[in-house]
Amino acid sequence: MRRRRDDIQLKTPDQIRSMRRAGLVVAAGLAAMTDAAKPGVSTYELDQVARRVLAEAGAASSFLGYSGPPPFPGVICSSRNANVVHGIPSRDDVLADGDLISLDFGAIVDGWHGDAAVTVAVGAVSTDALALSDACRTALWDGIAAAQAGGRLTDISHAVQTSVQSSGPFGIVTGYGGHGIGTAMHMDPHILNHGKPGRGPQLVAGMALAIEPMITLGSAHTHQLPDNWTVETVDGSLAAHWEHTVAVLSDGLWVLTAEDGGRAELAARGVPISALAD
Ligand code: MG
């Protein structure tokens, strides 16, 4: 199936600025949850941290009540160890020393969405687990760096895959991927985390994309738990997941969910940050 550029929502600079406000709420929530993610803390408590950040900002949740059945009950997805994505926060899900947990958070400001995820090491984690999370985070930024106006959609996919493979023998989860984002959280196009470059729609100024690699220490195969949400590796291997929302602009990129707009990581890759970020 070929998706045309016409299917992808294009934003004006003012609309991108609104998305930045949503992105900063997401960044604040993820930072607060990262600080709070200690052994003995439940994922329900992390969800409460995120709810407070939304309330203080006057923002709405992108996740609460999403889709289903059953409608998603949290404002975050919390996916611990072998859980890859879409884990449901719960009082019974308590962090332990050595856990790796993906925290995924979305916010709506003035009708515009931001979506990002981090993987947090709880206490002292194994060297392998740290390498997994680092490789996933690096692949995210390498994918973002490939999202430049004039390129094509699968330049991102290829950059993510190449980056992961250069870091180690990790599994790349293929059943899930990134997405367009704007007046809804999940919009066209779907963004694979693997594939050949130079395919799919051309990237043009005004697009906003959520890029989100998911990788594992073992098999890339996953299944969904009976809760109809949680995605888990079939072999029980550890997973990592990192995500940012990035705006494609004519003079560079603006990573809307990064506190610094992406300035440091883009500079490290020789990619300009848009003047809109100033
Ligand atoms: Mg997403």
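Atoms within each ligand, like the ligands themselves, are counted from 1 in listed order.
Remark: Gln224 CD is packed, more than 12 non-hydrogen atoms of other residues, nucleotides or ligands lying under 6.0 Å away.
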| request: Assess whether salt bridge (Lys or Arg N to Asp or Glu O under 4.0 Å) is satisfied between Arg17 and Asp14, documenting all intermediate values. | output: CA-CA 5 Å; Arg17 285 190 191 96; Asp14 274 348; 2.7 Å; yes
| task | Give the intermediate values and the outcome of salt bridge (Lys or Arg N to Asp or Glu O under 4.0 Å) for residues Arg51 and Glu45. | result | CA-CA 10 Å; Arg51 284 176 196 249; Glu45 291 171 275; over 6 Å; no
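To the nearest 0.5 Å, the span separating CD1 on Ile101 from CE on Met33 amounts to 9.5 Å.
His158 and Thr162 make their closest contact through O-OG1, 2.7 Å (heavy atoms, listed as atom of the first residue, atom of the second, distance).
With waters left out, the protein N, O or S atoms under 2.8 Å from the Mg ion (ligand 1) add up to 4.
Between Arg52 and Asp47 there is no salt bridge, since none of the side-chain N atoms of the basic residue sits less than 4.0 Å from a carboxylate O of the acidic one.
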